[in-house]
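Only one structure is covered here, and it is reproduced in the block below.
Just the heavy atoms: all of them, side chains too, but no hydrogens, waters or symmetry mates, feed the values below. Everything numeric here is computed off the predicted structure, so don't read it as measured data.
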Amino acid sequence: MNLLNHVIVGLLVLSSVTLSACQKEVPKTEEVPYVMVTQPSRNHTDQKSYAGDVQAKQQTALAFRVGGQVTERYVDVGDRVKVGQVLAKLDVKDAQLQMNAAKAQLESAQAAAKIATEEYQRYQQLLPVNAVSRSQFDAVKNQYESAQANLQQARSNYQVSANQTGYNQLISNKNGVITERQIETGQVVAAGQAAYQLAIDGEREVVFGVPEQAVSGIKVGQSAWVTLWSQPEARFAASVREVSPAAGQSRTFTVKVSLLEGQSSIQLGQSARVFFVSQDSNVLSVPLSSVTATDQQAYLWVVNADQTLRKVPVTLGTYGRDSVPILSGLKATDWVVVGGVHLLRDQQKIHPIDRENREVTIKTGG
């Protein structure tokens, strides 16, 4: 039994030594990754765009000059009209009756004026021979002058009635396209109530809304360019014509941009997008792939002189297509990581390389 115990003890000791040797293996050295870095750019391109629609530069509301019931409507939205074209008509019965009454009054005034004129002429012949008294002559003269005044008033009333009859026709005063219609056949309208909206032929512009935080960056005369949803590959030069001084019901400011080219190929009502591009050499910008965030705080990975990383919180500007401006937290001499930022950690050692896979030397204080 003693020999067997010695054998068992020896096997246990050998197993313990073997396990200890396995546990004391040398750990593997962590691999230092190659990471692409870049310095911030000073030539930040800020591009903003707004959606709008194409409208005529000049538009006018067409309305009847008198009230009445609509009996005929000849045009609709989208129809092209010319100067002098009749667009709609009102019921002319009442206007016709008024004109007939005014005509009868005119004829009566004409007859009275004729009698007064003849009477006045006779008294003019009798007065020199003292066949009539001076007071009789003056009375006849007053009747003559009153008859002439009544005749002039009757003529004016008749002319007004005739005009009122003509006003029962709504006639276009410009060439253009009907963009809105507010009347229906049988509807009773008041004088001056808008019946149609006419987009006058000529220049076109794009109208859009701008939020209050951005309107200060848009000025009258500022250059822009326009694309159409139906022609995304085409670009048309434009210029800001008008910026509304007050916000509308949507709490945006209306901006009108005049198109400087492509007038013949652009139709009213087309959807468009207006682009504004500006260069700012005083703002640092980095690629979008350099930015990450934790708890709504944006930050960048900046490389130290010893090739380790540190997390730098930054304040971002408005995102561009490929880059974003850094308003605070970054220096022009800093080197920042490009891409894969979510895989890195603070104080991690890296091999910094540029976009052409060349090793980058980080200077002290850089």
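- Under 3.5 Å, the side chains of Thr254 and Ser244 contain no donor-acceptor pair of N or O atoms.
- The aromatic rings of Tyr50 and Phe276 sit perpendicular to each other, their planes meeting at more than 60°, with 30° as the lower class boundary.
- Look at Lys349 and Asp306 and you find no salt bridge, because none of the NZ, NE, NH1 or NH2 atoms lies under 4.0 Å from a carboxylate O.
- Stacking of Lys311 on the aromatic ring of Tyr299 is recorded, both the 6.0 Å distance cut-off and the 45° axial limit being met.
- Taking CG of Leu106 as the start and CD of Gln153 as the end, the distance is 11.5 Å to the nearest 0.5 Å.
- Gln348 has its side chain out of reach of Val32: every pair of non-hydrogen atoms, C-beta onward, lies at least 4.5 Å apart.
- Hydrophobic clustering keeps Trp301 apart from Tyr34 (ILVMFWY residues linked when any side-chain heavy atoms are closer than 4.5 Å, directly or through intermediates).
- At least one test fails for Arg181 against the ring of Tyr196: distance under 6.0 Å to the centre or angle within 45° of the axis.
- Every side chain to side chain contact (heavy atoms under 4.5 Å, CB included) that Ser133 has, sequence neighbours left out, goes to Ser135, Gln136.
- Judged purely by distance below 3.5 Å, without hydrogens or angles, the side chains of Ser49 and Arg273 pair a donor atom with an acceptor atom.
- Under a cut-off of 6.0 angstrom, the local environment of CD in Gln347 is crowded, with over 12 non-hydrogen atoms contributed by other residues, nucleotides or ligands.
- Between the side chains of Asn150 and Gln152, no donor-acceptor pair of N or O atoms lies under 3.5 Å.
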